[in-house]
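Note sheet for the following structure.
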Number of protein chains: 2
Amino acid sequence: MDVVQRLRGELGEAVSTDVAALTASRRDRSGWTSDGVPLAVVRPTEVAEVQAVMRLASATRTPVVPRGTGTGLAGGAAGTVDSIVLDLSRMDRILEIRADDELAVVQAGVINQALDDALAPLGLWFAPDPASKAISSIGGNIATNAGGLLCAKYGVTREAVLGLAVVLADGRLIRTGHRTVKGVTGYDLTGLLTGSEGTLGVIVEATVRVRPLPVGEVATIGAFFADVAAAAAAAAAITAARLRPAVMEILDGAALSAITRYLGQAGLAGTPLARLSSGSTTEASYLLVQCDGASAGDEAAEVLVILGSLGAEARLSASREEGERLLRIRRSFHPALAAEGEVLIEDVSVPRSRMAEMFRQIAAIGERFGVAIPTVAHAGDGNLHPNFVFGGGEVPEHVWAAADELFRAALTLGGTLTGEHGVGVLKRRWLAEELGDDGYELQRRLKEVFDPLGILNPGKMFD
Amino acid sequence: MDVVQRLRGELGEAVSTDVAALTASRRDRSGWTSDGVPLAVVRPTEVAEVQAVMRLASATRTPVVPRGTGTGLAGGAAGTVDSIVLDLSRMDRILEIRADDELAVVQAGVINQALDDALAPLGLWFAPDPASKAISSIGGNIATNAGGLLCAKYGVTREAVLGLAVVLADGRLIRTGHRTVKGVTGYDLTGLLTGSEGTLGVIVEATVRVRPLPVGEVATIGAFFADVAAAAAAAAAITAARLRPAVMEILDGAALSAITRYLGQAGLAGTPLARLSSGSTTEASYLLVQCDGASAGDEAAEVLVILGSLGAEARLSASREEGERLLRIRRSFHPALAAEGEVLIEDVSVPRSRMAEMFRQIAAIGERFGVAIPTVAHAGDGNLHPNFVFGGGEVPEHVWAAADELFRAALTLGGTLTGEHGVGVLKRRWLAEELGDDGYELQRRLKEVFDPLGILNPGKMFD
């Protein structure tokens, strides 16, 4: 009896070999598509079903690709040839919310935003905020240790995970971590599994930390700079002034050029970009700052003073509508690029003090390879997303060559090749370079402890 | 040539076999003393020396006990029979402080407080604040993932560690983590090594995150309750009101009884405890709250309202001196116990909602075993320290029996047997019970990857 028949025997309707499902499972939002076809997509609703899949996979040495809602940006959840794609999106129950303990227990497939919606009436929220939060699952967020816009102030996903339930390669279920704020019993397996990209186990449930919603109104500032170096200097000055905005985003000239083409003159009205003519190419830069919490107004006033002293044209929103207009510039970045072609989103991170230099190198690499590299940066934490736009189909070789130089530049500046998207398939060729041979070897051996048969997401993270 | 001779040949004066040094290395601050004598204490000043020790230890299969300043509370850094104690306290150089990147790079032996002293002129601080911070090393704090009083607001040590330099069992040096706020390249070895108690590698250097010092004056409140259940309810109400004090500490009746004996009537004057007669036994409880940051005054006012509504006699300090008096009650806890005998400090942690119940069980266990168990709790995070006072020498069997019941009670309440002290020797017999057999087995196998010869702190954490 073949693997699919055995899966059907145990899991019935949860097993699909539908061509559309198999095809969809071969890609994520990175644009990368696996060149092989999986055996089946399995959509369990219970932990016991996940255990059954893993037992069967172990018995038959069949690769398993754990997958949430497929919003990854590195190919990590893409179904590979002859694998079982273990799609956890139907395990979407919020199991428990404890306001007094400021924690929630969720199944892996719960959408990030859905948890926030459930928490809001209690005055609580789940701080991890990947840009995909409306459509990405918490299990996937944890598997990639997802970042987002708010990390400088509120931390990355790891800081919000207290404990996990994980199905191991052989089908056993373990629970890691705690329901407590503190706990140091044994090694931190919760942290080890967070960001492990489905290569160590299948995360089926998470106990997450939730927080009180920030009080008061958010204060939003949009600032126009002559160039991106000035914007980066301003972001550094805000940090140096010991201010801690919730959001601090920089768009470079190539990004603004695409955005003005996309929004048109009307979309720029009432923002510091109104001076740009729609569709023009610019060297200018935009800095978006949002302050929240009890002292948001005071902080925003200090930010305005700093921006003014650095020659920016800055505007503090006087109303929610104006705040929305200022935000819309940033939000239009991805749609503006998508309107012009296929997009490859990169994800380097550098120490904050090297951000201006990284922007300079991005521009230089773009020039050398004859490509525009519109870039947005989470400026509070030094995480930059250089983007490549190209005609449909495969990523062109010169784009990979340019990306290669980007990674090396980031590493040389003391940075990392992925700040928040993960290694997946797209960055594995650079992994050993960043980790060093000894670190790489150690990581491979850790994987062998969890996955002696090599069935957990093989080909991801490691070559 | 024996191991000590070879060590001397390579490390010269850094190697000591002085009886006083060997004796001192056999204990930490837990009161536990190893029953065997180490071969030597080695005090390196350079990473290369640590590597030499580990190469030699691997070649000769000699156990190595990494040690900071010996302030541990679980026996984890106590030198065991025929081991090399690797004392890192002379590796005490602050290698780099980057205010713009809000990070510092320190050798493992740097005293926690010394880093703070170096940071203060820059308006920065290192948030981890174990009670031992004036005398404990950052390497030791990381090896145990130390907690402290401020964790509910500012996180545990793990949240302040960006990267590590670690000497492996065979003497190789690896670097983990990042100088960046975000970074998801490969598994989180930094997190895995944090809290690993010297069993996976020797932490020689750390890149740590530092923060802007909170602005403004700290507001201190001392509150008197009729019993500890009322104090626990008040702490829960403060959390439920979405307030986030920096410090929130509860002392129970047994603790106050010892403190009043220790401080005498004069020491209680000007505090809500003045009503207690010195030396009397009481059921009363004391709650200490400190608010910091820009909205400290507003927060403290809200806390006062909550405390008043719950029947506390509460006092907000009007001056620094008064604040000191309120703080002194809490600070006198450990000296008050030490004045009465040997002290065994326990360290359970429970979900905040179960704290009152844990206090109730501590009292019941104390009654059952005929011992007082004075207890202080970090009430913001549910971490309780029940203390046993006994006549000198070994911990009496009935104290271990009572501690055993404490751990089981904490586990039953969804808690953990150690919130911040670590497993070391003293808690290893309960480790498998908390982790479960599969989790325990997995952790042992992770250790084997790092330490195939079993020379890294053997007998600690695992039996």
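The model shown is predicted, which means the values in this text are computed figures rather than measured ones. Throughout, a chain's letter reflects where its sequence line sits, starting with A, and its residues are numbered from 1.
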So what's closer than 4.5 Å to chain B heavy atoms on [X]: side chain, backbone, both or neither?
X       : result
L213(A) : neither
T176(A) : neither
A236(A) : neither
R211(A) : neither
N383(A) : side chain
I174(A) : side chain
R445(A) : both

Let's test your reading of the structure: which of [options] forms the most heavy-atom pairs below 4.5 Å with chain B?
options                            : value
S196(A), G293(A), A146(A), G380(A) : S196(A)
V166(A), T199(A), V348(A), L243(A) : T199(A)
D188(A), D438(A), V181(A), D101(A) : D101(A)
L200(A), T144(A), V215(A), D347(A) : L200(A)
H378(A), E420(A), R428(A), E159(A) : E420(A)
R175(A), R179(A), Q443(A)          : Q443(A)

Closest non-hydrogen atom pair, [X] against [Y]:
X       : Y       : result
G419(B) : K182(A) : O-CB, 3.3 Å
T185(B) : V423(A) : CA-CG2, 4.1 Å
M461(A) : G186(B) : CE-CA, 3.6 Å
S353(B) : R98(A)  : OG-NH2, 3.1 Å
R158(B) : G191(A) : NH1-CA, 3.9 Å
E434(A) : H178(B) : OE2-CE1, 3.5 Å

Item to complete: Run the numbers on V449(B) and E448(A) for side-chain contact (heavy atoms from CB on, under 4.5 Å), then give the verdict.
Response: CA-CA 9 Å; V449(B) 168; E448(A) 281 168 25; over 6 Å; no
Tell me, out of [options], who's got the most heavy-atom pairs with chain A below 4.5 Å.
options                            : result
T239(B), L168(B), L124(B), L435(B) : L124(B)
C151(B), G155(B), G183(B), G439(B) : G183(B)
T418(B), D100(B), L431(B)          : T418(B)

So for [X], is it side chain, backbone, both, or neither that comes closer than 4.5 Å to the heavy atoms of chain A?
X       : answer
R172(B) : side chain
T190(B) : neither
F462(B) : side chain
A99(B)  : both
K427(B) : neither

Item to complete: Any chance you could lay out the side-chain contact (heavy atoms from CB on, under 4.5 Å) test for L442(A) and Y187(B), step after step, and finish with the verdict?
Response: CA-CA 10 Å; L442(A) 194 54; Y187(B) 302 131; over 6 Å; no
Fill in: Lys/Arg-Asp/Glu bridge criterion (N-O < 4.0 Å) met for E102(A), R242(B)
yes
Fill in: D437(A), CG atom: more than 12 neighbouring heavy atoms under 6.0 Å
no
Item to complete: Report the C-alpha separation of L446(B) and L446(A) in whole Å, then their side-chain angles, then the decisive distance to 0.1 Å, and conclude whether the side-chain contact (heavy atoms from CB on, under 4.5 Å) test is met.
Response: CA-CA 7 Å; L446(B) 290 177; L446(A) 290 178; 3.5 Å; yes
Discussion item. Could you go through V156(B) and V184(A), starting from their C-alpha distance and side-chain angles, then the distance that decides it, and tell me whether this counts as side-chain contact (heavy atoms from CB on, under 4.5 Å)?
Written reply: CA-CA 10 Å; V156(B) 294; V184(A) 293; over 6 Å; no
Item to complete: Indicate whether the side chain of T180(B) and that of T416(A) have a donor and an acceptor atom separated by less than 3.5 Å.
Response: no
